[in-house]
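Heavy-atom basis, side chains included; hydrogens, waters and symmetry copies ignored. As the structure lists them, so they are numbered: ligands from 1, and atoms in each ligand from 1. For clarity, every value in this text was computed on a predicted model and none was experimentally measured.
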Amino acid sequence: MIQRIKGTMDILPTETPLFRYIEGVMREEAEKYGYGEIRTPTFENTELFVRGVGDTTDVVQKEMYTFADRDENRSISLRPEGTASVVRAIIENGKCSDPMPLKYYYIISCFRHEKPQAGRSREFFQFGTEMFGSESPAADATAIALASSVLKRLGLTNVKLHLNSIGCKNCRPDYRSALVDHFGCQKDKLCDTCKSRLDKNPLRLLDCKNPDCAKIASTAPRTVDHLCEDCKAKFEMLCRALDAMKIDYVVDSSIVRGLDYYTGAVFEFIAEGIGAQSTVCGGGKYDGLVESLGGPKLSGIGFGMGITRLILAMKELGIADVQIPTPDLYIAALGERATVEALSITERLRREGRYVECDIVGRSLKAQMKYANKIGAKYTLIIGDSEIDAGVAQLKNMSDGTQTEVELSSFTL
Ligand code: ATP
Ligand code: MG
């Protein structure tokens, strides 16, 4: 028996309605905020993610599904996230000279070779958005408002917005050297990965999950204390805008994000009561990414929202029940002639937009009625030779047991 790959999941018809409901809310909200849907390939040249996500990140160093293409001498990777592909796509499709801002959203699966656990899988589903072409904190506020409004509409009252600014390339050198000093004097206590990242990218050390490193990180200098005037002013305006938009947040200096492209405002929406994988949404501003992937200088702001983590948070609140559609009518048929008649009526009513089932298994009448009950049919109709000869049959309302005579050739629901 061949089993599915560890860290992936089968989503069965009993669960897809919940996914579709959540995805529907995401689409509606994104489109209300003027975002258009973009679809990019599931795999890309590995180089895109190495340059886009960053070569010192966990995602690139430890988690990417990378393989050699069959016939060409190149390395390709399954996408571990959505932003790099969208940036490549806007450059490649000449969108960078369109009127700004550009606003895109996507609902995709991403692939990361992580340790599977609750809220962490190797193929996971993500709603993401990207906005390009505005340096104003008004753009950041708009992106955050969209994420917040999706979470509100889903009823997630157990989610809190954590906000930080990690500064731009002007504040970075000062902050970087403060970090190198802080971690450098305790270097022997760091894990090997952190040791090797200390000189290349000390910001990554703030994100390490190793308990010893996390302890040292907890007393590290805070980005907000090392912001340049411009970043400070922008962060203050973002906070004022969120206040005015009545979006609650806490300023949390521990939010630094695991991918290299972020600059300026970063944020996470964190759910209570769903265990260790509690970040349902993470995002922020990325000002250098478009340029570093070969495009013009263009500011970006985006986020990714993990759909399975949202479901965990909804289940925690007991709001994850979505109704599974039940048939309007089940037609029980006795014998071949009746089965053909049942198929004809079923097809006619389906064309009228109804959800109708009839027996196509050849069960006994008793078994057919049991099945009709099981699938929750609202009405049933039993037809045999005598009903066909008379052209009429009894339509039974399953909720109150009442029966009405209907004409087989013309009745509607
Ligand atoms: P984490 O710190 O939890 O590893 P991350 O910073 O790596 O998250 P992002 O790259 O920001 O995650 O992805 C955006 C969102 O996608 C996350 O906030 C989370 O909800 C979801 N996500 C990320 N990785 C996984 C995964 N392996 N399984 C399920 N959902 C995930
Ligand atoms: Mg991660």
- Message: Under a 4.0 Å threshold between the charged nitrogen and the carboxylate oxygen, would Lys200 count as salt-bridged to Asp260?
- Response: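 A salt bridge is absent here (no side-chain N lies under 4.0 Å from a carboxylate O).
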List the closest protein heavy-atom neighbour of [atom]: residue, atom name, distance to the nearest 0.1 Å.
atom	value
atom 15 (C) of ligand 1	Gly304 O, 3.6 Å
atom 31 (C) of ligand 1	Phe124 CD1, 3.4 Å
atom 27 (N) of ligand 1	Glu114 OE2, 2.6 Å
atom 7 (O) of ligand 1	Arg112 NH1, 2.9 Å

Working to the nearest 0.5 angstrom, can you tell me the gap between [X] [atom1] and [Y] [atom2]?
X	Y	atom1	atom2	value
Thr308	Met9	OG1	CE	4.0 Å
Ile301	Glu130	CD1	CD	9.0 Å
Gln394	Thr404	CD	OG1	7.5 Å
Leu78	Phe43	CG	CZ	8.5 Å

Considering distance alone, does some N or O of [X] sit under 3.5 Å from an N or O of ligand 1?
X	value
Val280	yes
Gly306	yes
Arg257	yes
Arg309	yes

- Check the pair Asp230 / Asn170 against side chain to side chain donor-acceptor pair (under 3.5 Å), numbers first and verdict last. CA-CA 9 Å; Asp230 185 45; Asn170 299 327; over 6 Å; no
- Message: With a cutoff of 4.0 Å, is Glu81 in contact with ligand 1, counting heavy atoms of the residue only?
- Response: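 Glu81: no contact with ligand 1 (<4.0 Å).
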For [X], the ligand 1 atoms whose distance to one of its heavy atoms is below 4.0 Å:
X	value
Cys281	18 (O)
Gln126	13 (O), 14 (C), 15 (C), 16 (O)
Thr279	17 (C), 18 (O), 19 (C), 20 (O)
Gly282	18 (O)

- Item | Flag, side chain of Arg153 to backbone of Ile22, donor-acceptor distance under 3.5 Å |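 Looks like no, no N/O pair under 3.5 Å.
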- Cut-off 3.5 Å, side chains only: do Thr83 and Tyr261 have a donor facing an acceptor?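 Yes.
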- Query: Does the side chain to side chain donor-acceptor pair (under 3.5 Å) test come out yes or no for Arg79 and Gln126, once each step is laid out?
  - Reply: CA-CA 12 Å; Arg79 63 175 164 225; Gln126 197 187 71; over 6 Å; no
Taking the minimum heavy-atom distance to [atom], which of [options] ranks first?
atom	options	value
atom 28 (N) of ligand 1	Ala271, Gly128, Ser121	Ser121
atom 1 (P) of ligand 1	Glu63, Arg120, Gln277	Arg120
atom 2 (O) of ligand 1	His113, Glu268, Gln117, Lys209	Lys209
atom 29 (C) of ligand 1	Gly119, Gly283, Gly302	Gly119

- Think Arg348 forms a cation-pi with Phe411, using NZ or CZ under 6.0 Å from the six-ring centre and within 45 degrees of its axis?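 Yes, cation above the ring, under 6.0 Å and within 45°.
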- Would the number of heavy atoms belonging to other residues, nucleotides or ligands and lying under 6.0 Å from CG of Asp400 be above 12?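 Yes, enclosed.
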